[in-house]
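Keep in mind that what you see is a predicted model, and the values were worked out from it rather than measured. Every chain is numbered from 1 and lettered A, B, ... according to where its sequence line falls, protein lines coming before strand lines.
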Amino acid sequence: MRIATWNINGINARLESVLAWLDEVKPDIVGLQEIKTIDEKFPREEIEALGYNIETHGQKGFNGVALLSRVPFDEVHRGLPGDDSDEQARLIEGVFSTETGVVRVCNIYLPNGNPVDSEKFPYKLGWMDRLNTYVAERLELEEPFVLIGDFNLIPTGHDTHDAKAWWGDALFRPESLEKFRILANMGMTDALRATSSEPSYTFWDFQGGAWRRNAGIRIDHLMLSPHAADRLEGVRVHKDVRGQDKPSDHVPVEGTFAFA
DNA sequence: ATGACGGTCCAAGACCGA
């Protein structure tokens, strides 16, 4: 089974690219972030025609996440618990049955948090606290649990072209890294880092010729519970997608697992 | 040294992103 994450930066602006990639790669489960539209305006028919079941958690204009799956959904959960005043659509989770048992896939669009002197940074940290609580509860189930998405977090200086330039940004500073370390220390494995020591960037800014200069960062992750990590076979970053026509600023990251 | 992006709202430019 192959499970992928991709921040597409607008599903309606990116539809042709997404259809082409799905048709070529045919991943089993895909988490999309920044669909930037409401559920009613998500282009369901075109994606369903490629053999996918679809569940969305959309929002007008910004944010929004979706799960696509060739396997039927047993369960769907929308939204991150813990703050009733939070109206941003940033989490959707699906539960799937395979021949070798259940797989739970949670797809997130973690807040960016910049600028750090605004209310956006404490929102990010609070969101990460709530996520850690959520993940701790999921880990108690002792299932294969795959937490994927745009984490807006650079795990180490090795995951950026210029650690000094990024240090202090909401994506790469002590408060954010501390929350991410709590997640890792619960037993969630960074799939890419577990299988490769290459830099493997997943985002290149539209500005400043970042792609041309390979000035990237790695912020899109697959984090695995012990039961999921045990079945990890490999991770592939679809870097070529960034060089295609009308690209997103993020590329897909795909994990292969020994689930039937 | 300078200028250098793209999507969404919706119809001009603000807001957002990282």
Spacing of A:N7 atom CG relative to B:dC5 atom P, expressed in whole Å | 20 Å
If you round to the nearest 0.5 Å, how far is CG of A:L171 from CG of A:N152?
-> 4.5 Å
Which whole-number value in Å describes the distance from A:D159 CG to B:dA18 P?
-> 17 Å
Look up atom NZ in A:K179 and atom CG in A:L125, then write down how far apart they are to the nearest 0.5 Å.
-> 5.5 Å
Spacing of the P atoms in B:dC10 and B:dA4 (rounded, Å) = 28 Å
Across the strands shown, which category fits A:D249 at heavy-atom distances under 4.0 angstrom: base, sugar-phosphate, nothing?
-> nothing
CG of A:D245: more than 12 outside heavy atoms within 6.0 angstrom?
-> no
Send over the distance from A:N114 CG to B:dC16 P, rounded to a whole Å.
-> 13 Å
Between A:K124 and A:E175, is the closest basic N to carboxylate O distance under 4.0 Å?
-> no
Would you mind reading off the distance between A:I219 atom CD1 and B:dG17 atom P, rounded to a whole angstrom?
-> 12 Å
Contacts of A:I38 that satisfy side chain to side chain contact (heavy atoms under 4.5 Å, CB included) - sequence neighbours left out | A:E40, A:K41, A:K60
Do the side-chain N or O atoms of A:Y109 get closer than 4.0 angstrom to the phosphate oxygens (OP1, OP2) of B:dC16?
-> no
On the ring face of A:F121, is A:R173 found with NZ or CZ under 6.0 Å from the centre and within 45° of the axis?
-> yes
Touch check for A:K124, heavy atoms < 4.0 angstrom, all strands: base, sugar-phosphate only, or nothing?
-> nothing
Taken to the nearest whole Å, CG/A:L171 to C1'/B:dC16 is 14 Å
Return the value, rounded to whole Å, for the distance between atom CD of A:Q33 and atom C1' of B:dA18.
-> 14 Å
B:dC15 versus B:dA11 - spacing of their P atoms, nearest Å = 16 Å
Taking the C1' atom of each, how far is B:dA18 from B:dC5, in whole Å?
-> 12 Å
Reckon A:N112 has a side-chain N or O less than 4.0 Å from the OP1 or OP2 of B:dG17?
-> no
Sequence neighbours left out, what pairs pass ring pair (Phe, Tyr, Trp, His ring centres under 6.0 Å) with at least one residue falling in residues 40-73 of chain A?
-> A:F73-A:F96
Euclidean distance, atom CZ of residue A:F121 to atom C1' of B:dC16 [Å, nearest integer] | 18 Å
Sugar-phosphate or base contact per nucleotide [nucleotides 7-13 of chain B; S, B, -; heavy atom under 4.0 Å] | SSS----
Separation between the P atoms of B:dA1 and B:dA12, rounded to whole Å | 39 Å
Identify whether any heavy atom of A:D150 sits under 4.0 Å from a base atom; if not, whether one sits that close to sugar-phosphate; answer base, sugar-phosphate or nothing.
-> sugar-phosphate
Expressed in angstrom and rounded to an integer, what is the separation of A:Y123 atom OH from B:dC16 atom C1'?
-> 14 Å
A:H250 side-chain N/O to B:dA18 phosphate OP1/OP2 under 4.0 Å = yes
Between A:H238 and A:W21, ring centroids under 6.0 Å | yes
